[in-house]
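A quick write-up on the structure given underneath.
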Amino acid sequence: METHLPKGYEPRDVEKKWYQAWESQGCFRADEHSPKPHYSIVIPPPNVTGVLHMGHALNNTLQDILVRWKRMSGHEVLWMPGTDHAGIATQNVVEKQLAAEGKDRHELGREAFIERVWRWRSESGGQIIHQLKRLGASCDWERERFTMDAGLSRAVREVFVSLYEDGLIYRDNRLINWCPRCHTALSDLEVEHEDKKGNLWHLRYPVVGSDRVLVVATTRPETMLGDTAVAVNPEDERYADLIGKTVLLPLVDREIPIIADEYVDKEFGSGAVKITPAHDFNDFEVGKRHSLEFINIFDPSGNVNENGGAYNGMERYAARKQVVADLEARGLLEKIEEHGNAVGECYRCRTVIEPYMSKQWYVNVGPLAEKAIEAVKDGRTRIVPEQWEKTYFEWMYNIKDWCISRQIWWGHRIPAWYCDDCEGVTVAREDAIVCAHCGGTRLRQETDVLDTWFSSALWPFSTMGWPEKTETLKKFYPTSCLVTGFDILFFWVARMMMMGLKFMGEVPFKEVYIHALVRDAQGQKMSKSKGNVIDPLSVIDEYGTDAFRFTLAAFAAMGRDIKLSTERIAGYRNFANKLWNASRFTLMNLEGFEPEGIDLDRFDLSPADTWILCRLAEAARETNQALRDYKFNDAAGVLYAFTWNSFCDWYIELVKDDLYGADPAVKSRAQSVLYVVLESLLRLLHPLMPFITEEIWQALPGRRPTTFLVDSPYPDGEGLPYAERGVAGMELIMETIKGIRNIRGEMDVAPSKQIQAVLDCKSEASAAVLRDGAGYVKALARVGELTLGVGVERPAQAATQVAGDVEILLPLAGLINVEEEEKRLLKEIAKVEKDVELFAKKLANENFVANAPRHVLEKDRAKLAEAEEKRAILQESLKKIQALR
RNA sequence: GGGCGAAUAGCUCAGCUGGGAGAGCAUCGGCCUUACAAGCCGAGGGUCACAGGUUCGAUCCCUGUUUCGCCCACCA
């Protein structure tokens, strides 16, 4: 017996070989002219700067499972790949490179810098694409897109100009989130709040024309340099007489009014609040209500500017220290308390953001959000799991205008031109040459670029060629499904919904599957700084892609977190190896076998054959159902159990006699079933484990209708008509084998020892089944001499076990320890006794009998009878055993 | 402050519309049985966080409590 498959599965070369073959043969190509029903997914575009991390690995594995499954299930599949230009992130990467060379982008100038970013991208930007391929991602790579491509840039412009024309984009001067390191505005979403320990400084502001001081509490004492009022609650009697008076702002000696505003909480701190309208979002509102002065005290880097008087030029935290010290020196520091505070940080560089006055571009998203809410409400888009709908609605209902301008260079430059003659703004699809207002030609283009997420919001249709009316859009939009993590539900999913509905008039995807985030084995977020990152590529190198993918699928059920452990991956590596060896066994036994025109109906199938084919059909049905429901873990579980427990542990063992026997007809039948089961199993497993399954499939004898497993039809379990023949008989045989094994195992009978067994059957039906399965029992339970039948002659002294209505008797003679048998029986009796009690009690309850549905009642009655029967047999046996002592 | 999620075997987690608690790993005992020691056979292990409620019946539904995690939010 020989096969050319090596003894252990070695993934590396196999993966490379088949991925290249699939790709070069166009297996992943989508055809918009195909008559087949469509299935489409757009990839969440990873940042060009990206390196494959666990999140990507999970996200893309799940997509690939869906896509491969649908492709095999007769759909024309488009999985649209690409990358995101990732404005700030990418700019930061290239700026760091420049810094290493002792340069900064301003030395280069805008054009040269952008040139440099493009160069960086062509040299090292494609990394993640290669990594996705190693993961097995079956995207249509010929369609790969980049958010800065000409086509997508055109879509961005079209959308910007349309929204502007519809009055949904406007420009305004207000307080925004400013990153002093990136030197750009950020949207609210791009600010991450982190609770930090801080202080509450209580400052004393002298009231003008009195000897009173007003104590104000602040978490940011340095901002007092920009105070333009102190506010108290209008209801607050303590300060009623001070309203309308002024205080002298210390250190800057500015006289500022004491005002009354509802916003002030009487209970908090001293009940008086310093108001810094240019540096705090609340104060900004108060400032507007009371027409206060807005004094900006910082420069774009977060250093105090000329408005800060003596503190001019100081870094903000140095200024804080100094301000506090100076106040203290003047006796104006009342006290310092500890105080927790949520500090906003830049999501790209973790620098503490500064509320900062500036003129920015905004999208009025309210009207867009309404449509996006409706679409989920009426089910045009379904979010799975449903719980996320609530989060989606919550955000949509409270949505605020979106600040889309960024003061960086890498990105889509805003198509707006300012006229030096009339100061009018011209927004246009083509680069403006003349002012739309005065006809002047002295135009300057807006230097700001758009938020990266603006272009990703268009991804589902911009990648398909919009604004052209392409065949691709016609065939594949709306997409079937979006697979993503909940961390970008607002950033991306919500915005795609709004833009898709606005510009395509249809939802961008019919279903959104939200998966969990991957964390380390301790549940910590993986991050470079924590050093707990598990690199997917090293996992792939160590365990193989298929084992890794299977692990991710098996973990996918988890609500929010996936705690990845390498032990678990090793377990699925073992599984891959198990499949490999089962396949080796099969191939070794398919010598001279020709699968062409195989027809199982021709054969008189054995009980084991029928059983495994039923199990296979069942597994196929369950796998399909699980995938339809996005229950990847169920799919993995079903296939794991079928492969290992049903196929390997039972069927392969059961079929050996048939394969090794002398009867060529029996052998041929066994080979046929073995072949059908393995071949179907490979197809079932392929979406989860594409490489190993292709490798084995290609090694199978004979020719199959398709060149690759990728293209072969996915089993749905309906085509195998063996289910109705039943599995009950085989299961009785298996129970019997397990019963004998139990006695042997419990009583330390050497596995090599052949024993004698008597099966006393209570029904002729069972006896017939067991006569049929006698070979199995002998082989798998290592029984030498087997006698069975109804009312068969019983050995005088035997160890006893029960399988259904069959009493298993293993004659003790010289084989078995009496005390051990007594112990074992007592244990068994105790177990069955518990069952008897449980069901007897239940059935004694009149209310239960009166109210429970009939099928429950009948089931419980049957179980009680069975348990009582078993108990009786075991007790009888116990008595005999005890009599021997 | 609002919202969401989690609590089940030593560990990591499954558990569908309520009807006798499951898997993997780990543990214990026995096996190199010609596909696989990354394996085979057998076994042990759980007051399903706590307290109430609904029900004939609750791990599952409802209420409350505790612990942990996440998201959103302008209380200085």
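As a basis for the values below, the full set of heavy atoms in this structure was taken, side chains included, without hydrogen atoms, waters or symmetry mates.
- Within 4.0 Å (heavy atoms only), A/Ala582 reaches at least one base atom of the nucleic acid.
- For the salt bridge (charged side-chain N to carboxylate O under 4.0 Å, His left out) with A/Arg871, the lone residue among A/Glu837, A/Glu828, A/Glu866, A/Glu833 that qualifies is A/Glu833.
- Between A/Tyr9 and A/Trp580, the angle of the ring planes lies from 30° to 60°, which puts this pair in the tilted group.
- Within the 4.0 Å cut-off from OP1 or OP2 of B/A35, at least one side-chain nitrogen or oxygen of A/Tyr660 is found.
- Here, B/C4 and B/A73 have their C1' atoms 14 Å apart, quoted to the whole Å.
- Closest to the side chain of A/Asn581, out of B/G29, B/A35, B/U12, is B/A35.
- Within 4.0 Å (heavy atoms only), A/Leu489 reaches no atom of the nucleic acid at all.
- OP1 or OP2 of B/C36 has at least one side-chain nitrogen or oxygen of A/Lys7 nearer than 4.0 Å.
- Contacts of A/Val849 with the nucleic acid, taken as non-hydrogen atoms under 4.0 Å apart, are absent.
- Distance CD (A/Glu567) to P (B/A23): 20 Å, rounded to an integer number of Å.
- Look at the P atom in both B/U59 and B/G53: the space between them is 15 Å, to the nearest Å.
- The interatomic distance linking A/Glu192 (CD) with B/C70 (P) rounds to 12 Å, in whole Å.
- Within the nucleic acid shown, A/Phe839 comes within 4.0 Å of at least one base atom, counting heavy atoms only.
- Checked options A/Phe555, A/Phe575, A/Tyr543; the residue passing with A/Phe550 is A/Phe575 (criterion: ring pair (Phe, Tyr, Trp, His ring centres under 6.0 Å)).
- Within the nucleic acid shown, A/Asn577 comes within 4.0 Å of at least one base atom, counting heavy atoms only.
- Backbone-only contact: A/Lys842 has heavy atoms under 4.0 Å from sugar-phosphate atoms and none from a base.
- Between B/A37 and B/G15, the two C1' atoms lie 32 Å apart (nearest whole Å).
- Contact check, A/Asn574 against B/G39: a side-chain N or O comes under 4.0 Å of OP1 or OP2.
- In terms of heavy-atom proximity, A/Asn177 sits nearest to A/Asp188 at ND2-OD1, 3.1 Å.
- Look at A/Asn742 and you'll find a side-chain N or O under 4.0 angstrom from OP1 or OP2 of B/A43.
- The base of B/A73 has none of its N or O atoms less than 3.5 Å from a complementary donor or acceptor on the side chain of A/Glu394.
- The A/Val264 side chain lies nearest to B/A76 when the options are B/G19, B/A76, B/G39.
- For the OP1/OP2 pair of B/U55 and a distance below 4.0 Å, the side-chain nitrogens and oxygens of A/Asn847 include no atom meeting the criterion.
- Between A/Leu489 and A/Trp395 the shortest side-chain heavy-atom distance does not fall below 4.5 Å.
- Contact between the side-chain N/O atoms of A/His855 and the OP1/OP2 oxygens of B/G19 is not found at any separation under 4.0 Å.
- Listed pair A/Trp644 / B/A38 fails the phosphate criterion, with no side-chain N or O lying under 4.0 Å from OP1 or OP2.
- Under the 6.0 Å cut-off for aromatic ring centres, A/Tyr640 and A/Tyr572 qualify, their centroids lying closer than that.
- Look at OH on A/Tyr397: it is 24 Å from P on B/C71, rounded to the nearest Å.
- A/Trp201 comes within 4.0 angstrom of nothing in the nucleic acid, heavy atoms only.
- Remark: A/Lys400 is not in phosphate contact with B/A73, judged by side-chain N or O atoms under 4.0 Å from OP1 or OP2.
- The residue A/Asn341 sits close only to the backbone: its heavy atoms come under 4.0 Å of sugar-phosphate atoms, none of a base.
- In a base pair of the Watson-Crick type (N1 to N3 plus N6-O4 or O6-N4) or a G-U wobble (N1-O2 and O6-N3), with each distance short of 3.5 Å, B/G69 is matched with B/C4.
- In this structure, A/Glu735 pairs ionically with A/Lys738, as a charged nitrogen and a carboxylate oxygen lie closer than 4.0 Å.
- Comparing B/C56, B/A76, B/C36 by their closest approach to the side chain of A/Asn845 singles out B/C56.
- A/Lys841 comes within 4.0 angstrom of no nucleic acid atom, judged by non-hydrogen atoms across all strands.
- Judged by atom type and distance alone, A/Lys390 does not reach the base of B/C4 through any side-chain donor-acceptor pair under 3.5 Å.
- For the P atom pair drawn from B/G45 and B/U63, the interatomic distance equals 36 Å after rounding to whole Å.
- Contacts of A/Glu653 with the nucleic acid, taken as non-hydrogen atoms under 4.0 Å apart, include base atoms.
- At whole-Å resolution of the value, CZ in A/Phe490 and C1' in B/A73 are 12 Å apart.
- Heavy atoms of A/Arg573 sit under 4.0 angstrom from at least one base atom.
- Among the heavy atoms of the strands lying under 4.0 Å from A/Asp649 are primed sugar atoms or P, OP1, OP2 only; no base atom is included.
- Residue A/Lys266 places no side-chain N or O under 4.0 Å from the OP1 or OP2 atom of B/C75.
- Both A/Ala852 and A/Tyr263 lie near RNA chain B, and the one whose nearest nucleotide falls closer to the 5' end is A/Ala852.
- No donor-acceptor contact under 3.5 angstrom links the side chains of A/Tyr347 and A/Glu192, judged on distance only.
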